[in-house]
Protein chains: 2
Amino acid sequence: MRHKNNEKSRKIIAAATKIFAKKGFYKAKVSEIAQEAGIADGTIYIYFKHKDDILIALFEEKMREVLDNMKKQISLESDPFAKIERFAYFHLKLIEDNKDMAEIIQVELRQSSKFMKNYQNKKFAQYLDLIGDIIQEGKEKGLISQDIIPGIAKRAFFGALDEMSRFWVLSKRRKYDVETAARQISSYFINGIKN
Amino acid sequence: MRHKNNEKSRKIIAAATKIFAKKGFYKAKVSEIAQEAGIADGTIYIYFKHKDDILIALFEEKMREVLDNMKKQISLESDPFAKIERFAYFHLKLIEDNKDMAEIIQVELRQSSKFMKNYQNKKFAQYLDLIGDIIQEGKEKGLISQDIIPGIAKRAFFGALDEMSRFWVLSKRRKYDVETAARQISSYFINGIKN
DNA sequence: TTTTAATATGAATAATCGTTCATTTTTTAA
DNA sequence: TTAAAAAATGAACGATTATTCATATTAAAA
């Protein structure tokens, strides 16, 4: 039954999210994931061909969620600067609400190019492009300086948010709240690029 | 003889830099590092107790270099904004000139908290604080808005540069040159935080 | 030169874990 | 209800690889 299979896949991914976040991909044992999911070791291999595939499926599922959610959020605003501010807030909010996912994306996504030679993270590129598109729109509306290179600016903005996330994810306590961090970071950026 | 030992340690670290960058920590075999260094597998264990220790020593050595170099660069400027610009340029230049090191710091440093429970990267914190101190100085001189929170701003700026590095390190070709990227990123930031 | 100490070697060890598959259990179809 | 198919199990396998250590080599001291 198609429905049940998806259910079990998701159960495995949910378990893997927890275990990968806690131990990292390499130190996470397949048997631990199985135990967390409440199934036998071998069952995992009915749904995933290799351990790697669990991580890839995890990326795909989470990134799809994140991307869809952010698209919706952005569409609620019409002003490019308001979009940027909203992006910052919801990005950081997402991190706060999904620590395990955030930790995996922070840590494992970066090394994914090493152990999965051919895996191209298209969803991540699309996520970055959400910012790129806002900047492009702002330039066209004359709100953002023509000197700004969207390919650099989108990375600078994402990187600023991402480093903040890293700090939260890897340290135990949150020193700044989401609202403050989002407001600060988006205001540096908006003031920095506006015409 | 002290001198010779240090020499061999460095030879091992140099070899490890190459291998870790190419394969990542977990996929790098100790025997490969030994081969790259032109020594026997066992010899590595005279200089390092565990594989982990090679990576830690590597971090320490590289970060010390990076930190020393950047301190010198910053001290050449007196104006906080000029310091920021110089920081951006030399950070990106360093990445460009030391691809292997950059790749390791990008990828392995992030997961270091996972496999080395007790390793605190003090040098990295100091590196971030170089930016924090510049911002503090700028605030005191009235050049930077009092609303700016150095603990957030330093991460935002570093993150912007770091994301650019990530792009360079993980993609094959460099799309933007160092000068352009440094100028863009530091100008967003400076305009964003100035009074 | 001879003795002693320090270094280096690399084959052997031992532990780890991803993956398989013969068997059992559950579900579906007849 | 019974037969066939699908899904699940988990013990066993086998490949990998960090680390050790008995032996050999080189350097230092006597």
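Keep in mind that the numbers below use all heavy atoms, side chains included, and drop hydrogens, waters and symmetry copies. Note that this is a predicted model, so its numbers are computed, not measured. Here is how names work: the chains are called A, B, and so on, in the same order as the sequence lines, proteins then strands, and each is numbered from 1.
In terms of the side-chain hydrogen bond (donor to acceptor under 3.5 Å, both in side chains) criterion, E61(B) has no residue partners (sequence neighbours excluded).
Contact between the side-chain N/O atoms of Y47(B) and the OP1/OP2 oxygens of dA8(C) is found at a separation under 4.0 Å. Applying the 4.0 Å criterion to OP1 and OP2 of dA8(C), one finds that K8(B) has a side-chain N or O inside that range. Contact annotation: H50(B) side-chain N/O to dA18(D) OP1/OP2 distance is not under 4.0 Å.
Mapping G42(A) and K29(A) onto DNA chain C via the closest heavy atom, the residue that lands nearer the 5' end is K29(A).
F25(A) carries K51(A) over the face of its six-membered ring, with the cationic atom under 6.0 Å from the centre and within 45° of the normal.
Under the salt bridge (Lys or Arg N to Asp or Glu O under 4.0 Å) criterion, the residue pairs touching residues 146-169 of chain B are R110(A)-E163(B), R110(B)-D162(B), D129(B)-K154(B), E163(B)-R166(B), with sequence neighbours excluded.
Rounded to an integer number of Å, the gap from CG of D41(B) to C1' of dT7(C) is 16 Å. In this structure, CD1 of I44(A) is placed 17 Å from P of dA7(D), rounded to the nearest angstrom. Atom CG in D53(B) sits about 14 Å away from atom P in dA18(D), given to the nearest Å. Protein atom CD1 of I54(A) is 15 Å distant from nucleotide atom P of dC17(C), rounded to whole Å. One interatomic measurement links the two molecules: OH of Y26(A) to P of dG18(C), which rounds to 12 Å at whole-angstrom precision. F48(A) places its CZ atom 15 Å from the C1' atom of dA7(D), with the value rounded to the nearest Å. Between the P atom of dG18(C) and the NZ atom of K27(A) lies a distance of 13 Å, rounded to the nearest Å.
For F189(B) and F158(B), the ring centers sit 6.0 Å or farther from each other.
When each of dA18(D), dC17(C), dA8(C) is scored by its nearest atom to the side-chain atoms of K51(B), the top-ranked nucleotide is dA18(D). For Y45(A), whose side chain is taken as the heavy atoms from C-beta onward, the closest listed nucleotide among dT9(D), dG10(D), dG18(C) is dG18(C).
Within residues 30-40 of chain A, the residues that have a heavy atom under 4.0 Å from DNA chain C are, in order of number, V30(A).
Judged purely by atom type and a 3.5 angstrom limit, N191(B) uses its side chain to pair as donor or acceptor with the backbone of S187(B).
The shortest heavy-atom contact between I33(B) and A15(B) is O-CB, 3.6 Å.
For NZ of K141(B), the number of neighbouring non-hydrogen atoms (other residues, nucleotides, ligands) closer than 6.0 Å is greater than 12.
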